[in-house]
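Worksheet: one structure, shown below.
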There are 2 protein chains.
Amino acid sequence: MPRKKTYHHGDLKNALIQAGVGLLAKDGVSGLSLRKVASRAGVSHTAPYSHFADKQALIAAISTEGFRQLHGRVLAVMEKYHGKPRKQLIETAWEYVQFALDDPARFKVMFSGVLEQEKEYPEFVTESQSNFQQVVELVELNQAAGVLQDGPADLVALSAWGIVHGFITLLLEGQISHTILGRMSPRELLEFQLKQIMIGKN
Amino acid sequence: MPRKKTYHHGDLKNALIQAGVGLLAKDGVSGLSLRKVASRAGVSHTAPYSHFADKQALIAAISTEGFRQLHGRVLAVMEKYHGKPRKQLIETAWEYVQFALDDPARFKVMFSGVLEQEKEYPEFVTESQSNFQQVVELVELNQAAGVLQDGPADLVALSAWGIVHGFITLLLEGQISHTILGRMSPRELLEFQLKQIMIGKN
DNA sequence: ACCTGAACACCGTTCAAGT
DNA sequence: ACCTGAACACCGTTCAAGT
């Protein structure tokens with residue numbers, strides 16, 4: 001059997017992150033309180049301060065964990081369609097969209113400025129950069145295959161990332177009109193957008 | 001001379017909206033409290049409830065007012081470059097970016113899901129729709145001029161809007177790497193992105 | 001080192017009361 | 001109709017204390 005609970009339960013830090021993710025999914029960004037997170041993890045409302053400097057630090061940890069997951073999911077898609085850059089582009093973009101739809105509140109925490117002094121959290125910066133690096137590599141594969149236009153890969157990556165991001169923002173905010181969503185699925189809309197920067201056959 | 005103060009000062013509702021905008025610019029989204037807004041407007045902390053059902057309703061009013069201003073600014077740019085669709089496209093997009101940079105916190109309130117039940121605020125819905133309509137018209141002008149590809153104007157508008165939006169999100173969140181921003185200005189980056197969906201001469 | 005409980009300042013919201 | 005002040009539940013954070 002697993003070792004007995006240590007002092008409290010050994011890994012409160014991760015338990016708090018998981019409790020935060022759960023609470024976020026349940027109550028949204030505005031429902032995320034440190035006190036409720038602590039209660040969910042079964043500890044007093046001041047216990048989190050043994051592991052996080054403040055609420056922002058917990059948010060940074062939740063975001064960082066989210067970036068790691070997103071990175072893993074995108075990597076799996078890249079491998080699944082290895083050698084087919086065009087397919088990789090569309091499917092990783094779709095994975096991105098699905099990640100956002102799976103847990104909109106967490107996505108907002110990661111990308112909508114809930115975390116205020118992001119520069120102060122080195123792990124957050126590292127993970128978010130390696131995320132962008134992933135997009136750059138994807139772009140390079142597609143440029144080599146003649147699917148995306150030539151030019152500095154990081155700039156083209158910024159465009160592709162921006163398109164997907166803008167689309168997600170508008171989708172999540174319900175700013176895409178009914179007349180559009182009635183006609184096309186999110187997946188079709190995403191492909192329509194990506195195809196505008198893709199070269200060649202549709 | 002202007003009429004004496006009525007009961008309190010006649011238009012507390014608008015005074016509260018303005019106080020909110022000011023507080024947002026000063027303290028950011030997380031610093032926006034109903035009590036501070038009331039205090040800024042010189043009334044008790046419960047006075048806002050005479051004009052707004054709750055904090056969300058004040059946020060809706062601030063957003064709606066923001067949409068009206070954005071609409072006006074974009075309209076001015078459209079008129080300034082009347083008859084030059086390509087120029088209109090780039091300059092209105094840039095106006096959009098500037099609007100966001102002028103007051104990032106307000107922009108986040110408008111577009112990053114701080115307002116939670118937007119459907120419940122008809123004026124908000126109206127203004128945000130007329131904003132999108134503006135983009136659709138811009139796209140139609142550019143399609144007629146052969147600057148943007150043909151196809152359903154609302155879908156192409158969604159693409160253009162998404163690109164600008166995604167760019168602003170990444171810019172505001174500081175997610176654009178130093179190596180990119182060291183090379184190009186935000187203005188140049190925006191143009192680079194837009195040119196990827198534009199046809200013809202660069 | 002990790003956790004608790006009391007305490008403090010701040011918040012959104014309600015309600016009864018005042019003009 | 002518009003505004004106030006007391007009250008309540010909830011929040012983030014600090015601190016002294018316990019193991």
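Computation of the quantities below employed the complete heavy-atom set of this structure, encompassing side-chain atoms and omitting hydrogens, waters and symmetry-equivalent molecules.
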What is the distance, to the nearest angstrom, from the CG atom on A:Leu58 to the P atom on D:dC11? 14 Å

Quick one: does any side-chain atom of B:Glu127 pair with a main-chain N or O of B:Thr64 as donor and acceptor, under 3.5 Å? no

Length of the line joining B:Ile59:CD1 and C:dC11:P, which is rounded to integer Å: 14 Å

Could you report the tightest heavy-atom contact between B:Val109 and B:Ser63, atom names first, then the distance? CG1-OG, 3.3 Å

Between C1' of D:dT14 and CZ of A:Arg35, the distance in whole Å: 12 Å

Is there any side-chain hydrogen bond (donor to acceptor under 3.5 Å, both in side chains) pair reaching into residues 151-170 of chain B, and which pairs are they, with sequence neighbours excluded? A:Arg183-B:Asp154, A:Gln196-B:Ser159, B:Tyr96-B:Trp161

From the candidates D:dT13, C:dC11, C:dC3, the one with an atom nearest any side-chain atom of A:Ser44 is C:dC3

Exactly one of B:Lys87, B:Lys84, B:Met198, B:Gln88 clears side chain to side chain contact (heavy atoms under 4.5 Å, CB included) with B:Val147, and that residue is B:Met198

Is it true that B:Lys108 and B:Asp103 have a side-chain N and a carboxylate O under 4.0 angstrom from each other? no

From CD of B:Glu116 across to P of C:dG12 the rounded distance in Å is 14 Å

Stretch residues 46-54 of chain B: residues that reach within less than 4.0 Å of DNA chain D through a heavy atom: B:Thr46, B:Ala47, B:Ser50, B:His51

Whole-Å distance, A:Lys13 NZ to C:dC3 P, equals 12 Å

Atom-to-atom span, CG of A:Asp11 to P of C:dC2 - whole angstrom: 11 Å

Pick the nucleotide of DNA chain C nearest each of B:Lys55 and A:His45; which residue has the one closer to the 5' end? A:His45

Decide whether B:Glu116 and A:Ser30 meet the rule of one side-chain donor and one side-chain acceptor closer than 3.5 Å. yes

Please determine if A:Glu91 and A:Arg187 form a salt bridge, counting it only when a charged side-chain N lies under 4.0 Å from a carboxylate O. yes

When pairs are called at under 3.5 Å and a stem needs at least three consecutive Watson-Crick or G-U pairs, the stems of DNA chain D are C:4-8 with D:12-16, C:12-16 with D:4-8

Ionic contact status for A:Glu123 with A:Arg68, cut-off 4.0 Å: yes

For B:Leu194 and B:Ala93, which heavy atoms make the closest approach, and how far apart are they? CD1-CB, 3.6 Å

Quickly work out the A:Leu16 CG to D:dG12 P distance and round it to whole Å. 13 Å

